[in-house]
Amino acid sequence: MIAYLLRRLFYAIPILIGVNLLTFVLFFVVNSPDDMARMQLGDKRVTTAAIQNWKQAHGYDLPLLYNAGACGLEQLTKTIFFEKSLRLVVFQFGSSDDGRNIGEDIRQRMWPSLAIALPVLVIGLACNLSAALFIVLFRATVVDVWSLVLLVAMLSISGLFYIIGGQFVFGKLLHLMPISGYDAGFNAWKFLILPVLVGIISGFGAGTRWYRALFLEEMTKDYVRTAYAKGLSETRVLFWHVLGNALIPILTGVVVILPLLFMGSLITESFFGIPGLGSYTIDAISNQDFAIVRSMVFLGAVLYIFGLILTDLSYTLVDPRVRLQ
Amino acid sequence: MIQPAALSNHLWMVLCSLLMLAGCDQRPWNNPYPETDAQSNTVYSSFDERPKHLDPARSYSANEYVFLGQIYEPPLQYHLLLRPFRLIPLTATDVPQPQFFDAAGTLLPGDAPVTAIARSEYVIGLKPGIRFQPHPAFARNAAGQLRYHALTAADLHGIRRLADFPETGTRVLTADDVFFQIKRLAAPWLHSPIAGLLGQHLQGFQALSEQLAAVADRPPLERVAALRQASLPGVDVMDDLHLRIRLNGSYPQFSYWLAMPFFAPMPWEAEAFYAQPGLAERNITLDWYPVGTGPFMLTENNPNLRMVLSVNPNFHGETYPTEGMPGDTLADVGKSLPFIERAVYSLEKEEIPRWNKFLQGYYDSSGIASDAFDQAVQIDIRGEPILTDAMRQQGIRLLTSVEPSTFYLGFNMLDPVIGGDSQRARLLRRALSIAIDFEEFISIFSNGRGVVAQGPIPPGIFGFREGEAGINPFVYTWHEGHPVRRSLDEARRLMTQAGYPDGIDRETGQTLTLNYEAVATGPDDRARLNWMRKQFAKLGIELVIRSTDYNRFQDKLRTGTGQVFMFGWNADYPDPENFLFLLYGPNAKVVHQGENAANYVNPEFDRLFDAMKDMGNSPERQAVLDRLVEIARADAPWIWGFHPKSFSLHHQWTDNVYPQQMANNTLKYRRIDPRRRERLRRDWNQPMLWPLWGIAGLLVLLITSAWWLLRQRERSTAL
């Protein structure tokens, strides 16, 4: 297994270089270092000297990918790409273009993101699984048909609608919880209820439908027929045997996103005023802050690779037939 | 044992009690603030964008001035009530009057011709006894040494915020602090946006900037030391409370700059404190933790969530203005400022939650987003904006004012078709000026929030003329007390004279095609662009929309590759020079990288501008301004677009809110009635619980039915 893990980690290196290169190219296709300087210096009274000065101070006065004026290896190392990418490897994110320490910001902002994402995942999973089991219990009945209609309708609606609708109904109409905002520590609880609720409801349609399909597929297996033949009750078969065997794909889906929970949700955080990493990334994109964009994309890629490795490991835990080599 | 009937009765009683509870007068559940703050003397507001800089040398943005204006105190400020805008002292003892000298150093009279003035001097006297806010940078130990100016890694253990430093101190403001701040403006590593401007006017500034560039790569503490030691020939510290500033030639607009945070005094101790290793890594920098003398200080600085201003206990004191304009309420004349104890600004990026929280009473004031405009404002029979019934019932007040800004449709004067000094191009531009109906634009796209511009100078700025004298005669006529846009027939006649009858180029026989450079991001933009296309089509001109992002748009302006574009300008200070310089030849964008985006050059205009900018407000200056505006109207390098009108809503518990577009330190005048606010918040936000009980009942019914169905199914036989 160790050899397998080492191999996977080795594979991750070109992936991360590729992601970094792609981020770099895509960013600088749209924004030039001059644009970035103007964004930071403002629109008014910006002189060419000030722009040059800013670029020099922030290391954006070098060529992007290839330094024709340098000699030897420096043709590649004396470039913005190399200088800005090297530190990422050791997770030194440096400073944002407006001078803030990115690592410190990430450490602060990942907790609000997690405070929403974790309950949405856990409670949402529980709700989706319960509802899917309930529907499967009444498969091929009118309950199943109308549940399916409802689920398809729910998954067809945009997530933004749930956010705005949730804020309108629970915050504005019923006055049950704050429309938006956040607070530190335990005081955050009242601000978390609505985004968590919205997160659960918005994911309910897709999640439940998927789990229903998984359970129905399991219901056709021989072991289920055997269980019925042994005289086990419907609930016993479903909640014990079917649920247990359907856990493998469920686990796969859950474990892969576990590390990404830190990264937050772009729209939810923006609408609910949650100071998480999702809104951090959105702000960085709109402010053309390459240092943050690059760091967040790199971090996302690392966490995704980590999630995939975790998934592979989890296979061996839930299915004894799987062995990593 | 409880009988079934009795159990049922008990259940009903519990249910009824809960439902009644829902109707009781209880604390709002949706209150985003702690209950302990319910009756505090706190202003609640929001900000939609994280401030980038809170260093007064770097900041040049309205959303940052919301905070900086309350914390830092430059020498001058704008009077809250008097119009036209008037400068009054803040940390200075009075508004400094320049003294003029010729090349030989001889003192000239105040009305000396501008050409004779080689140097102007401003002597700024500071009020005695002003102290900085409590700050760790000033804390001293028992031996009198600065407590936190030799921090080690061990000292920084457990320090994550500025407030984690247990001790603070203060110091009296001196002229050295103003001098230090002026030197900071020259520091290349601070990227001050006005460094270029000061380099033109302040003696020795450019040389200082070059001198400091040599230490730009040195460690921060060495840079601070270099900054402290540096001298600046253009500034003399005369004594603890006086300094003299020397400018090249005459620059009357300098007084306005003295009212901006750029010139707010900065203690060297603060710069040295923040420059220590280990603080920047914790995001504890001067750019994020200001040190000022103003009525408020930043006690919570989390730009990702909330910024809190609290009263500065060392504030030197100020009183409410004693004079105002007719109609201003002066109930607080002579009372000590500030009236509030705290201001909480929450990050609110989206319009919808911000607006709803304002309606719930959780923000004291609000602007009006386009989506909410019809909900808040209606237009009465006289065409005036009034509040809707719903707003009036909540006791909300509406304040409107024309902003000292202008939005215009610019022509690239370097373009061979639409630009240049030829009569043909001029007639084409004038025809378009008539055809493009900005009254309609304001009505459709700004909900009527704007005033059609007759020239570059907005209302409220010296040089603006009201009434018939103020209309642009090339576009309007004066009829029954109102300006009336000239007819399309006149525009078409101009087109014919220009050689484009019905939009056909007489020389080529082709339809005249113009390119419109636009920054388009959403569906609203598409509607606006379609409208623009139709305006040009009135004259038979085909408009090609070249939609792009803002970076590329700016590139096109800089390189002069665009033809027609829409742009705007917000005033830095209330002087016509700050608008007319947008048409000044030496400011042309392509050649000089200035702010003249149309690249308009007219020698007579430039000559008159040079004379006007150095004149004090007087009938002579008005005459020159009239001529400048006349030239610009005749040449029509812009279609004079509109001056936006700001609409703001304020709850009934807020007082002393006035539309003041130039001042950014008005929080100290704000007064609120926290008891009334608390009472109304309770009235407006009582939780409604019955839908929850309905949902719970439905779930119980669903589960019970399912359980019953399942039981039936399991008990049933196979056949």
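Just so you know, these numbers use all the heavy atoms, side chains as well, and skip hydrogens, waters and symmetry mates. A quick note: this is a predicted structure, and the numbers were derived from the prediction, not measured. Order of the sequence lines sets the chain letters (A, B, ...), proteins ahead of strands, with each chain counted from 1.
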Margin query: Using the rule given for side chain to side chain donor-acceptor pair (under 3.5 Å), can you reason through A/Gln288 versus B/Asn551, listing the C-alpha separation, both sets of side-chain angles and the distance that settles it, and then say yes or no?
Written below: CA-CA 10 Å; A/Gln288 300 175 17; B/Asn551 291 336; 3.2 Å; yes

Next item on the list: Give the C-alpha distance, both sets of side-chain angles, the deciding distance and a yes or no for side chain to side chain donor-acceptor pair (under 3.5 Å) between B/Gln593 and A/Thr47.
Entry: CA-CA 7 Å; B/Gln593 298 295 303; A/Thr47 60; over 6 Å; no

Checklist line | B/Leu692 and A/Leu176: CA distance, side-chain angles, deciding distance, side chain to side chain contact (heavy atoms under 4.5 Å, CB included) verdict | finding: CA-CA 10 Å; B/Leu692 289 191; A/Leu176 294 177; 3.8 Å; yes

Next item on the list: Run the numbers on A/Asn101 and B/Arg282 for side chain to side chain donor-acceptor pair (under 3.5 Å), then give the verdict.
Entry: CA-CA 7 Å; A/Asn101 185 318; B/Arg282 291 165 169 80; over 6 Å; no

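Counting only distance, with no hydrogens or angles, the side chain of B/Arg306 and the backbone of A/Asp183 share no donor-acceptor pair below 3.5 Å. The backbone N or O of B/Leu359 lies less than 3.5 Å from no partner atom in the side chain of A/Lys172, so there is not a single donor-acceptor pair.
Both the backbone and the side chain of B/Ala706 come within contact range of chain A, each with at least one heavy atom under 4.5 Å from a heavy atom of that chain. Only the side chain of A/Arg38 comes within contact range of chain B, with heavy atoms under 4.5 Å apart. Using a 4.5 Å cut-off between heavy atoms, B/Tyr362 does not touch chain A at all. Contact annotation for B/Trp684: only backbone heavy atoms (N, CA, C, O) come within less than 4.5 Å of a heavy atom of chain A. At a 4.5 Å heavy-atom cutoff, the contact between B/Glu281 and chain A is made by backbone and side-chain atoms alike. Neither the backbone nor the side chain of B/Asp217 comes within less than 4.5 Å of any heavy atom in chain A. Contact annotation for B/Arg354: neither backbone nor side-chain heavy atoms come within less than 4.5 Å of a heavy atom of chain A. Contact annotation for B/Asn587: neither backbone nor side-chain heavy atoms come within less than 4.5 Å of a heavy atom of chain A. The part of B/Glu49 that comes within reach of chain A is its side chain, from C-beta onward, which places non-hydrogen atoms under 4.5 angstrom from that chain.
With respect to the salt-bridge test (charged N to carboxylate O, under 4.0 angstrom), the residues B/Arg50 and A/Asp98 qualify.
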